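Comments concern the structure below.
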Amino acid sequence: MKTERLYAITVYLLNHGRTSARRLADHFEVSPRTIQRDMDSLGLAGIPVTAYAGAEGGYEIAEQFRLDHQLATSDDYAYILTALRGLVSATDDPKAKGALEKISRVSTPADSGIVLDFSVLREAGADLLPQLQSAVLERRVVRFTYTNNDNETRVHQVEPVAVIYRWYAWYLLAYSTVKNDYRFYKLVRMRDAALTDQPFGREHEPAAAILEKTDRVDSRRYRSILVKCKKSARSRVSEYLSGTVIEEAPGGDALMELRVVENEQLWIGTLLSLGEQVEIVSPEDIRRRILEAAEKITAMYK
């Protein structure tokens, strides 16, 4: 157990830089005194750990130090292979396949017990992945036509930072030279994407750092909706609309609360598909919105 913790501490310090004893103790769920003893052990093992005193003090490993690949365990390789197989299933990227073959030859790992099958991610928008990935790596501006949530279409010219899969879809994280800020662009809404010969006009932080900052601020407008939900539809409201039960009736029907993004359409279609099994209680403008949509559908089919 101690050997595994020493290896984990080494990796943590290499990834996070100078870290206080208290933070290490909290992270590894041991006492600060144990961390001090671990640092002594790392020093004896030849790991160049330096201790710094003061308010900004802590432990740090020299930048030039690199871990020998032999320190990776069989379980480590199992998880690396699991992740690579998932990436290959999602993108069919030749480079990812090559990396998978190389790692497979390094060791005969234990089975992680997990299979990441992301083949569904090759659907809408995924054909743009190689082109956008090249733009990110070559630091070239991309131009494309884009239709947003409000059905507004215009041409964008951006500096791409990363292609990301989140919120059940592929997105491009990029710097908008018009908005002077980072934006997400859904790949399925892009048309006529083209790489230009124009280089980036600025340096960008790593995608992970940008995501951490942008995720702190959610500019989307959310609405709370109260619905009367029949027992037969409760599981679907929970699964597809993240509904929360506020009050439960004896027969299994329930009053549920939904949190939705106002200008998105998926939740409206889901509510309509549930028909008479779900009734909107409030707010009134959402009730009218659903009623008008249902009346238009009825009129069309009549």
Side-chain angles (χ1 to χ4, degrees), residues 82-83 85-86 89-90 112-126 146-153 163-173 183-190 211-302:
T82 297
R85 287 169 182 147
S89 73
S112 69
I114 300 172
V115 175
L116 303 177
D117 185 353
F118 295 139
S119 54
V120 69
L121 306 190
R122 297 188 192 181
E123 296 178 356
Y146 191 77
T147 303
N148 64 17
N149 274 343
D150 297 321
N151 207 34
E152 300 168 340
T153 301
V163 183
I164 301 169
Y165 184 81
R166 54 166 29 189
W167 305 315
Y168 309 108
W170 285 107
Y171 289 84
L172 175 67
L173 171 64
R183 293 286 189 272
F184 290 100
Y185 301 90
K186 201 170 187 177
L187 267 58
V188 74
R189 292 177 178 167
M190 290 183 182
L211 285 173
E212 184 178 354
K213 293 177 182 177
T214 57
D215 286 348
R216 293 174 191 162
V217 180
D218 190 345
S219 59
R220 296 176 296 177
R221 184 180 176 188
Y222 288 84
R223 299 290 299 276
S224 292
I225 302 176
L226 287 180
V227 298
K228 289 181 181 178
C229 181
K230 292 185 177 180
K231 180 181 179 180
S232 56
R234 278 181 55 175
S235 61
R236 279 175 287 175
V237 172
S238 296
E239 180 178 358
Y240 300 128
L241 297 168
S242 300
T244 303
V245 175
I246 303 299
E247 183 179 327
E248 187 170 356
D253 295 351
L255 180 68
M256 301 184 72
E257 182 181 20
L258 318 178
R259 286 272 294 168
V260 300
V261 178
E262 186 172 44
N263 66 340
E264 290 188 353
Q265 301 296 316
L266 184 60
W267 61 269
I268 297 175
T270 303
L271 283 173
L272 286 169
S273 72
L274 292 170
E276 79 288 353
Q277 297 180 79
V278 176
E279 178 189 354
I280 296 173
V281 177
S282 67
E284 186 60 33
D285 65 305
I286 300 294
R287 279 180 62 93
R288 289 196 304 270
R289 188 172 172 183
I290 295 296
L291 176 60
E292 290 171 2
E295 287 176 340
K296 289 178 181 178
I297 294 172
T298 303
M300 178 179 65
Y301 280 101
K302 283 184 176 179

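On a predicted model such as this, the values are computed, not experimentally measured, just so you know.
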To the nearest 0.5 Å, tell me how far [X] [atom1] sits from [Y] [atom2].
X    : Y    : atom1 : atom2 : result
F184 : L211 : CZ    : CG    : 5.0 Å
I114 : T82  : CD1   : OG1   : 6.5 Å
K186 : L172 : NZ    : CG    : 14.0 Å
Y171 : M190 : OH    : CE    : 11.0 Å
R183 : N148 : CZ    : CG    : 11.5 Å

Could you tell me which residues satisfy salt bridge (charged side-chain N to carboxylate O under 4.0 Å, His left out) with [X], sequence neighbours excluded, listed by chain and number?
X    : result
R189 : none
R166 : D215
E257 : none
R287 : E279, E284

Report the residues that fulfil side chain to side chain contact (heavy atoms under 4.5 Å, CB included) with [X], sequence neighbours left out, ordered by chain and then residue number.
X    : answer
E276 : K230
T153 : T145, T147, R191
R223 : R221, V260, E262, P283, D285, I286
I297 : L272, Y301

*Quick one: which residue pairs count as a salt bridge (charged side-chain N to carboxylate O under 4.0 Å, His left out) with a foot in residues 265-274, not counting sequence neighbours?*
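Residue pairs passing salt bridge (charged side-chain N to carboxylate O under 4.0 Å, His left out), neighbours aside: none found.
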*Residues in ring-ring contact (aromatic ring centres under 6.0 Å, His included) with Y185, at least two apart?*
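With neighbours one apart ignored, the set is F144, Y146, H156.
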Side chains of residues 236-251: which donor-acceptor pairs under 3.5 Å do they make with residues two or more places apart or in other chains?
residue, atom, partner, partner atom, Å
R236, NH2, S232, O, 3.3
R236, NH2, Q277, OE1, 3.1
S238, OG, R234, O, 3.1
E248, OE2, R234, NH1, 3.0

*Partners of K213 by side chain to side chain donor-acceptor pair (under 3.5 Å), sequence neighbours excluded?*
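Here the qualifying residues are E205.
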*Shortest non-hydrogen contact from C229 toward A233*: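 So the minimum-distance heavy-atom pair works out to SG-C, 3.7 Å.
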